[in-house]
S.K.: 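Quick one: the structure is below, and I'll ask about it shortly.
Worth saying up front: this structure is predicted, and the values here are computed from it rather than measured.
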Amino acid sequence: MYSLSTCWNSSRHTDGRAMLREIRDLGFEYAELSHGVRISLLPGVLEAVDAGEIKISSLHNFCPLPIGINYAAPNIFKFTSPDARERENAYRHTVKTIETAARVEARAVVLHMGAVEMKEYTDKLIELVGQGQRETPKFQKLCQELEEKREAKKERYLQYAYDMLKRILEQADARGILLGIENREALEEIPFESDFNFFFEEFSMPTVRYWHDTGHAQIKENIGFINHAFHLEALAPRLAGFHIHDVQFPARDHCPPGSGVIDFAALKPFVRPGHIKVLELNPGVSADEVKAGFAHLKSVWGEE
């Protein structure tokens, strides 16, 4: 199952049906409704789905966007916020996403689990890598500082996230929707790259699955925190799907497959026909570049 995320074109459409037809006309049988789908686009989306013009593979939380929000905002409400009102808003809008997924007969909802509130290190580390300083004492010192601080602070935020996911799980189970827990590019976001196995021991039920973002994983490889292929291999038994995009070194992501540094062939052993494979490209990518990236991916991973 290959799909194209509406993050590529939702911002330039006022009619959801036209938005999905544009994706269909590029050769995609499926689309993912991403976190930039305004509520005004939803009637056209339902028309296109009900007419059989396209199928929906998955939704990315929050979808549709909360009323009054007109831009992509996947982290507008965090599961890990110390503010109980924000967490309740996160829950309420996630349930709306799950309800929408059931309405359009999608298989999965992709979730961000939140973040530890702390000084941000990710952008500085990326900047240093871009300057060729990954092996310097300054870079190593920052990495050690990050590791110590996020480990010291994480328990409170993990508890918020776990409590939230247990509530959401009830809603997803009731509707037969998978929950895809996405790996994130920011080192402050959870689960941390070293914590995914512990996370899936806590949430061993089949509804909760891993969602692999190729760009995010590559950025973490580029800054020295994981080996991309090894990371995917370790989590492959729990894998439901992919967000697929390439990365131009060190961290320019959401580029078409084949235009960056990702070794898609190295990931192929862990890809299965039943996985949901969503191209997640930035709006500046041209239609021809979308088609070329899709063709490149299929030449490496196969038609299914």
S.K.: Is the shortest side-chain N to carboxylate O distance from Glu22 to Arg12 below 4.0 Å?
M.R.: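 Answer for the salt bridge query: yes.
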S.K.: Do Arg21 and Glu53 meet the salt-bridge criterion of a basic N to acidic O distance under 4.0 Å?
M.R.: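 Yes, this pair counts.
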S.K.: Is a salt bridge present between Glu105 and Arg175, judged by a nitrogen-to-oxygen distance below 4.0 Å?
M.R.: no
S.K.: By ring pair (Phe, Tyr, Trp, His ring centres under 6.0 Å), which residues pair with Phe199, not counting sequence neighbours?
M.R.: Tyr162, Phe203
S.K.: Could you list the residues that satisfy side chain to side chain contact (heavy atoms under 4.5 Å, CB included) with Arg209, not counting sequence neighbours?
M.R.: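 With neighbours one apart ignored, the set is Leu178, Ala240.
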S.K.: Is there any side-chain hydrogen bond (donor to acceptor under 3.5 Å, both in side chains) pair reaching into residues 250-268, and which pairs are they, with sequence neighbours excluded?
M.R.: Gln248-Arg252
S.K.: Tell me whether the count of non-hydrogen atoms from other residues, nucleotides or ligands lying under 6.0 Å of CZ in Phe249 goes above 12.
M.R.: yes
S.K.: Should Thr100 and Thr97 be marked as a side chain to side chain contact (heavy atoms under 4.5 Å, CB included) after you check the CA-CA gap, both sets of side-chain angles, and the distance that decides it?
M.R.: CA-CA 5 Å; Thr100 305; Thr97 303; 5.7 Å; no
S.K.: Could you tell me whether Lys153 and Glu148 have a side-chain N and a carboxylate O separated by less than 4.0 Å?
M.R.: no
S.K.: May I ask you to decide whether Arg85 forms a salt bridge with Asp83, counting only side-chain N to carboxylate O separations under 4.0 Å?
M.R.: yes
S.K.: State which residue, out of Phe28, Tyr30, Phe242, fulfils the side chain to side chain contact (heavy atoms under 4.5 Å, CB included) condition with Ser3.
M.R.: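 Filter result, single survivor: Tyr30.
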S.K.: Charged N to carboxylate O under 4.0 angstrom, Glu193 versus Arg150?
M.R.: yes
